[in-house]
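Inspection log for the structure reproduced underneath, given as structure tokens.
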Amino acid sequence: EHKAQNEALTELNDDIENLLVTSKLGVIFLDRGLNVRRFTNSVERYVSLRSSDRGRPLADFAFKSFDADWLVAAARRVLETLSPSERQVKGDDGSWLRIHIAPYRTHDDSIRGVVVSLLDITDDKRVRDDLARYERSMTALVHEGDRDRLGKPLEILLVEDEQPHVELCRRNLERAKIRNNLRVASDLAQARKALLGEDGDDLPKPDMLLLDLQLPDGHGFSLLEWIK
């Protein structure tokens with residue numbers, strides 16, 4: 001029985017080690033003194049950490065794309081109050097991160113420190129901001145008296161190759177109560193055909209273009225140049 005428990009524990013440790021290596025989520029584990037205990041490989045996108053940095057205070061490190069002076073204070077508050085904290089941060093490079101800080105609890109509910117997770121939400125943020133701008137544009141049309149046009153569905157061409165972002169766009173259009181016919185092109189070639197009316201669907205040309213910049217066959221800006 002003791003041998004079986006050791007084998008199970010070893011397997012669990014291996015699982016955790018593989019999770020830390022392969023996870024795309026940036027995670028930093030801190031002890032009660034807010035010193036680095038361990039971290040996932042993805043953290044390197046945001047802060048330069050090496051295995052030799054274990055045991056060093058979080059305050060020693062400068063994050064690459066944002067000022068993290070507040071992060072140490074926020075981690076200390078979480079340790080004191082045991083209440084998780086979350087914040088969205090815009091990086092100097094224009095990226096957006098969701099930073100979540102929570103107490104690290106053991107199996108017997110004792111507190112060994114905090115866990116800081118960093119998730120890149122740039123794409124989701126961009127889609128939400130674009131849809132908010134489009135919603136404001138629709139409201140502006142109402143004020144201009146263009147009610148006849150708003151009585152018809154808006155023809156929208158979404159150029160996006162990632163299905164989760166397509167579904168996010170659909171949900172936000174529904175939430176904004178914008179009547180629409182949404183067409184999706186997954187690359188630049190499909191988008192050009194749709195804009196030229198050569199996609200075989202015999203549909204009206206789009207009134208609005210929602211464009212991803214990173215596409216399988218090129219950069220979104222090239223489509224804008226082509227439209228010009």
Is any side-chain heavy atom of Ile156 closer than 4.5 Å to a side-chain heavy atom of Leu173? yes
Ignoring hydrogens, what is the shortest heavy-atom contact between Asn172 and Arg175? Give both atom names and the distance. OD1-NH1, 2.9 Å
Donor-acceptor pair, distance only, cut-off 3.5 Å: does the side chain of Ser95 make one with the backbone of Thr122? no
Distance, nearest 0.5 Å, that separates CG of Leu82 from CZ of Arg105: 5.5 Å
Quick one, Ile28 with Val115, criterion side chain to side chain contact (heavy atoms under 4.5 Å, CB included). Give me CA distance, side-chain angles, the key distance, then yes/no. CA-CA 6 Å; Ile28 305 174; Val115 182; over 6 Å; no
Checking Ser110 side chain against Thr106 main chain: does a donor-acceptor pair fall under 3.5 Å? no
Would you give the length of the straight line joining atom CD of Glu174 to atom CG of Leu182, rounded to the nearest 0.5 angstrom? 10.0 Å
How close do Ile101 and Ala74 get, heavy atom to heavy atom, and via which atoms? CD1-CB, 3.7 Å
At their closest point, which heavy atom of Val78 faces which heavy atom of Ser83, and how far apart are they? CG2-O, 3.4 Å
Find the distance between CG (Asn181) and CZ (Arg183) and round it off to the nearest 0.5 Å. 8.5 Å
At what distance, to the nearest 0.5 angstrom, does CD of Glu160 lie from CG of Asp123? 7.5 Å
Any heavy-atom pair between the side chains of Lys90 and Lys125 that's under 4.5 Å? no
Heavy-atom side-chain contact between Trp70 and Ile99 under 4.5 Å: yes
On a heavy-atom basis, the closest approach of Pro216 and Ser186 is CD-O, 3.5 Å
Asp217 side chain to Leu188 main-chain N or O, any donor-acceptor pair under 3.5 Å? yes
Is there a donor-acceptor pair under 3.5 Å between the side chain of Asp207 and the backbone N or O of Glu155? yes
Do Val72 and Phe61 have side chains that get closer than 4.5 Å, going by heavy atoms? no
Nearest 0.5 angstrom please: Ile121 CD1 to Gln88 CD, how far? 3.5 Å
Rounded distance [0.5 Å steps], CG in Leu213 versus CG in Leu215: 7.5 Å
Do you know the tightest heavy-atom contact between Leu223 and Leu211? CD2-CD1, 3.8 Å
Counting C-beta onward and ignoring hydrogens, is there a side-chain heavy-atom pair between Leu34 and Pro57 closer than 4.5 Å? no
Side chains of Leu71 and Val89 in contact at under 4.5 Å (non-hydrogen atoms): no
Just wondering, do Arg37 and Arg54 contact through their side chains at under 4.5 Å, heavy atoms? no
Which is it for Asp187 and Asp161 under the side chain to side chain contact (heavy atoms under 4.5 Å, CB included) test, yes or no, and what are the steps along the way? CA-CA 6 Å; Asp187 55 35; Asp161 62 313; over 6 Å; no
Nearest heavy-atom pair of Cys169 and Leu210: which atoms, and what distance? SG-CD1, 3.5 Å
Asp53 side chain to Arg50 main-chain N or O, any donor-acceptor pair under 3.5 Å? yes
Please lay out, stage by stage, how Glu162 and Leu168 fare under the test side chain to side chain contact (heavy atoms under 4.5 Å, CB included). CA-CA 10 Å; Glu162 296 190 28; Leu168 178 63; over 6 Å; no
Carefully, step by step, assess Arg56 and Leu49 under the rule side chain to side chain contact (heavy atoms under 4.5 Å, CB included). CA-CA 10 Å; Arg56 292 180 58 188; Leu49 284 175; over 6 Å; no
Is the shortest heavy-atom distance from the side chain of Gln190 to the side chain of Lys193 under 4.5 Å? no
Check whether Arg32 reaches the backbone of Ile111 with its side chain - one donor and one acceptor, N or O, closer than 3.5 Å. yes
